[in-house]
Amino acid sequence: MSTAEEEVRQALIASGFDFRKGKASPSKARAYSEGQVSADATESSGSASSVAAPSAASPAESTSSKGAEPAIPSASSPAPSTSAPRRDTHRGDAHRARTVSDGITVTTVHVPQTAPQAAGGQRPRVLAIAGTDPTGGAGILADMKTITACGGYAMGVVTSVVAQNTREVTGIWPQTAQCVEYQLKAVSDDVSIDAVKIGVLGTEEIIDTVHEWLENTDFTRLGGLWRRPGNRANVTQIIGSSALAMPAAGAIPANGAARPVGNTGADDAPVEYADYAEYHGVTHDISTHRRPWTVIDPVMISTSGTRLLSADAEGALRDLLTSGLIDVITPNLPELAALVGEPVATTWEEAIDQGTRLLDKLGGHTRVYVKSGHLKSSTTRADAFIDANTMRAISRNPVVTRLPGSLIATHNTHGTGCALSSALATYRPQCHDWLQAAHKAKAWITGAIAHSDELNVGLGNGPVNHSWNLTQATPIDDIQLHHVTQREMHGRAALPL
Ligand SMILES: Nc1ncnc2c1ncn2[C@@H]1O[C@H](COP(=O)(O)OP(=O)(O)O)[C@@H](O)[C@H]1O
Ligand SMILES: Cc1ncc(COP(=O)(O)OP(=O)(O)O)c(N)n1
């Protein structure tokens with residue numbers, strides 16, 4: 001079994017998956033434990049692999065990654081508190097490098113995983129802007145389940161009502177731009193939004209509406225973004241006691257003008273951003289992340305072949321993608337091909353080349369998470385995270401990180417892309433950087449696919465199991481229910497009408 005498979009296996013074990021009993025899917029469990037799912041064997045040797053552009057050197061010191069346990073938040077098995085010290089979690093250890101295509105070198109990098117830190121019980125507030133699927137496998141219902149399972153508080157704005165099931169799409173009713181605008185405003189007028197996942201947008205007008213909302217809303221007005229406790233030292237180190245102070249000399253390399261962060265008042269300081277900038281030596285994120293962390297799944301065509309974005313809306317989509325308002329775009333292979341105007345990639349290497357070209361095309365304003373679900377010729381399901389923002393201090397080239405994964409033999413892949421992008425958006429506020437969030441999202445979706453056979457939903461391509469890492473609902477018997485109801489009624493009676 002390759003180390004990459006071992007990592008996924010460990011992630012599943014950490015989440016409560018029982019390989020001996022083969023609880024979710026005996027055949028799948030066997031494939032894992034006996035090493036039959038071996039797509040990554042020739043491509044990775046560390047606990048995670050990265051592809052780095054030539055001069056993007058990874059930190060050199062090496063700590064063994066063997067046995068490192070990717071943490072997946074789980075109510076049943078809380079993430080271990082013995083994880084690596086926080087400040088170390090970014091520091092990948094280069095193990096080996098190889099060239100996959102012109103100018104791109106694969107480097108195997110160990111990216112230790114730590115548990116998302118729950119901030120005193122507070123959950124990041126994550127808004128999904130997406131279409132519907134009444135079967136709950138894809139779209140906004142799937143987003144709600146994913147966000148909840150990944151530790152967020154889920155909110156949703158509906159862009160399009162879609163009649164679909166696990167087999168086909170039978171009708172699409174895009175909402176008016178005004179309807180979407182009112183929904184967006186209703187949320188952002190009242191709630192601090194920490195992260196946004198964008199799915200089906202449907203029409204040019206809706207894209208423009210979301211674009212304008214992201215651009216013009218003052219997201220810090222309601223008291224700033226969610227932050228984890230315990231980071232105060234980093235903020236003061238970088239931005240001083242006032243959130244508007246400039247970085248201390250030397251704290252951030254001079255590769256861009258340091259700009260004040262948006263929040264005022266020490267308690268509202270956006271700790272994440274300062275922390276991010278300090279580590280990566282970039283100022284980009286300080287200035288842009290006054291907005292919520294934003295992930296877009298550029299859903300254009302459903303797997304069943306139906307257009308979910310009108311053809312004339314593609315120009316507006318490109319404008320949004322190049323606006324600097326989007327942090328990560330998560331295309332599947334057909335979407336990636338459409339965005340770069342090329343045939344669909346047939347190998348992982350081609351997909352990476354296309355992802356890098358897409359990033360170039362978008363002016364480097366975003367990050368590209370390339371999804372491998374449609375890779376027909378291979379049993380690898382490794383994804384790639386291509387980032388032109390990190391490591392700028394060392395190299396101007398984008399860093400391409402391989403997120404290991406192997407094919408799971410199941411037809412239950414309806415809505416995988418929706419779930420992955422929601423998981424990414426939800427993990428980001430709980431992680432140190434996008435890369436760590438990407439690793440967690442990949443581990444989570446792998447678990448959700450691996451556990452999908454526990455469900456029995458629909459006659460076609462069934463959904464993934466969004467609640468795979470959650471404990472069973474606590475059974476409540478009739479007597480308990482009776483007592484709760486009595487208490488509620490007494491409470492209500494006391495409320496003024
Ligand atoms: N059969 C599978 N086995 C393992 N991982 C899969 C499988 N199908 C999809 N994935 C993973 O699910 C995620 C979503 O990918 P993809 O299916 O390409 O997206 P979309 O649903 O947008 O088409 C990716 O991480 C991909 O690698
Ligand atoms: C309302 C809605 N949004 C998105 C999709 C596409 O879902 P995706 O996760 O890309 O997966 P497939 O089901 O198309 O494989 C959808 N169908 N509906």
Side-chain angles (χ1 to χ4, degrees), residues 126-147 156-175 180 195-211 214 294-321 325-340 344 351 354-355 358 362 366-374 383 413-425 441 445 461 463-464 466:
V126 185
L127 176 68
I129 304 171
T132 67
D133 169 3
T135 69
I140 203 155
L141 296 177
D143 295 333
M144 298 298 100
K145 291 182 264 186
T146 303
I147 293 167
V157 162
V158 175
T159 54
S160 215
V161 174
V162 184
Q164 61 175 312
N165 56 30
T166 61
R167 291 181 295 180
E168 58 183 344
V169 176
T170 54
I172 306 174
W173 292 266
Q175 301 303 291
V180 174
V196 171
K197 171 257 158 86
I198 302 173
V200 162
L201 289 170
T203 65
E204 190 176 357
E205 293 73 28
I206 294 177
I207 296 176
D208 289 343
T209 300
V210 172
H211 190 149
L214 277 172
T294 302
V295 176
I296 186 167
D297 187 13
V299 187
M300 295 168 161
I301 301 169
S302 80
T303 302
S304 57
T306 309
R307 257 198 172 276
L308 294 168
L309 181 72
S310 61
D312 55 4
E314 284 176 19
L317 180 65
R318 272 170 219 275
D319 286 349
L320 178 58
L321 296 178
L325 296 164
I326 303 295
D327 294 305
V328 186
I329 168 171
T330 62
N332 63 22
L333 296 188
E335 288 154 357
L336 181 58
L339 287 165
V340 290
V344 179
Q354 283 192 353
L358 176 60
L362 299 177
T366 184
R367 300 164 186 81
V368 180
Y369 184 118
V370 177
K371 298 179 296 192
S372 64
H374 296 251
D383 295 340
T413 54
H414 177 51
T416 43
C418 300
L420 178 90
S421 51
S422 292
L424 184 58
I445 191 69
N461 294 330
V464 302
H466 301 101

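Summarising the geometry of His466 relative to Thr146, their closest heavy-atom pair is CD2-OG1, 3.3 Å, with the distance given to 0.1 Å. Residues Pro334 and Val344 share a closest heavy-atom pair of CA-CG2, 4.0 Å. Residue Tyr369 comes nearest to Pro331 through the heavy atom pair O-CD, 3.3 Å, listed as atom of the first residue, atom of the second, then distance. Closest non-hydrogen pair, Pro174 versus Ile172, comes out as CD-O, 3.5 Å. Smallest separation of non-hydrogen atoms from Ala195 and Ala425: CB-O, 3.2 Å. Shown here for Met300 and Ala338, the closest heavy-atom pair between the two residues is SD-CB, 4.1 Å.
In this structure His414 satisfies the side-chain hydrogen bond (donor to acceptor under 3.5 Å, both in side chains) test together with Asp133, sequence neighbours excluded. Residues passing the side chain to side chain contact (heavy atoms under 4.5 Å, CB included) test with Ala441, sequence neighbours excluded: Leu420, Ala423, Leu424, Tyr427. Considering only residues two or more places apart in sequence or on other chains, Thr159 meets the side-chain hydrogen bond (donor to acceptor under 3.5 Å, both in side chains) condition with none of them. Contacts of Thr330 classified as side-chain hydrogen bond (donor to acceptor under 3.5 Å, both in side chains), with partners at least two apart in sequence or in another chain: Asp297. Residues passing the side chain to side chain contact (heavy atoms under 4.5 Å, CB included) test with Arg318 are Lys361, sequence neighbours excluded. Considering only residues two or more places apart in sequence or on other chains, Leu141 meets the side chain to side chain contact (heavy atoms under 4.5 Å, CB included) condition with none of them. Residues forming a side chain to side chain contact (heavy atoms under 4.5 Å, CB included) with Ala351 (at least two apart in sequence, or on another chain): Leu333, Ala345, Val370. Residues satisfying the side-chain hydrogen bond (donor to acceptor under 3.5 Å, both in side chains) test with Ser372, not counting sequence neighbours, are Asp383. Shown here are the salt bridge (Lys or Arg N to Asp or Glu O under 4.0 Å) partners of Glu168, two or more places apart in sequence or in another chain: there are none.
Side chains of Cys418 and Lys197 form a contact here, defined as non-hydrogen atoms less than 4.5 Å apart. Val158 is listed as a side-chain neighbour of Ile140, based on a closest heavy-atom distance under 4.5 Å.
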Problem set entry | Residue pair Thr366, Ile296: steps toward the side-chain contact (heavy atoms from CB on, under 4.5 Å) verdict | CA-CA 10 Å; Thr366 184; Ile296 186 167; over 6 Å; no

For this session: I would like to know whether Val196 and Ile129 meet side-chain contact (heavy atoms from CB on, under 4.5 Å); could you show each step before the answer?
Result: CA-CA 7 Å; Val196 171; Ile129 304 171; 3.8 Å; yes

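Taking CG of Leu358 as the reference point, atom CG of Leu321 lies at 7.5 Å (rounded to 0.5 Å). The CG atom of Leu214 sits 11.0 Å away from the OG1 atom of Thr209 when rounded to the nearest 0.5 Å. Here the OG1 atom belonging to Thr413 is positioned 7.5 Å from the NE2 atom belonging to His374, to the nearest 0.5 angstrom.
Although no hydrogens or angles enter the test, the distance criterion places no donor-acceptor pair under 3.5 Å between the side chain of Lys371 and the main chain of Thr416. Between the side chain of Gln164 and the backbone N or O of Thr132, at least one donor-acceptor pair lies under 3.5 Å.
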In residues 198-207, what donor-acceptor pairs under 3.5 Å come from side-chain atoms, sequence neighbours left out?
from, atom 1, to, atom 2, distance (Å)
Thr203, OG1, Ile206, N, 3.2

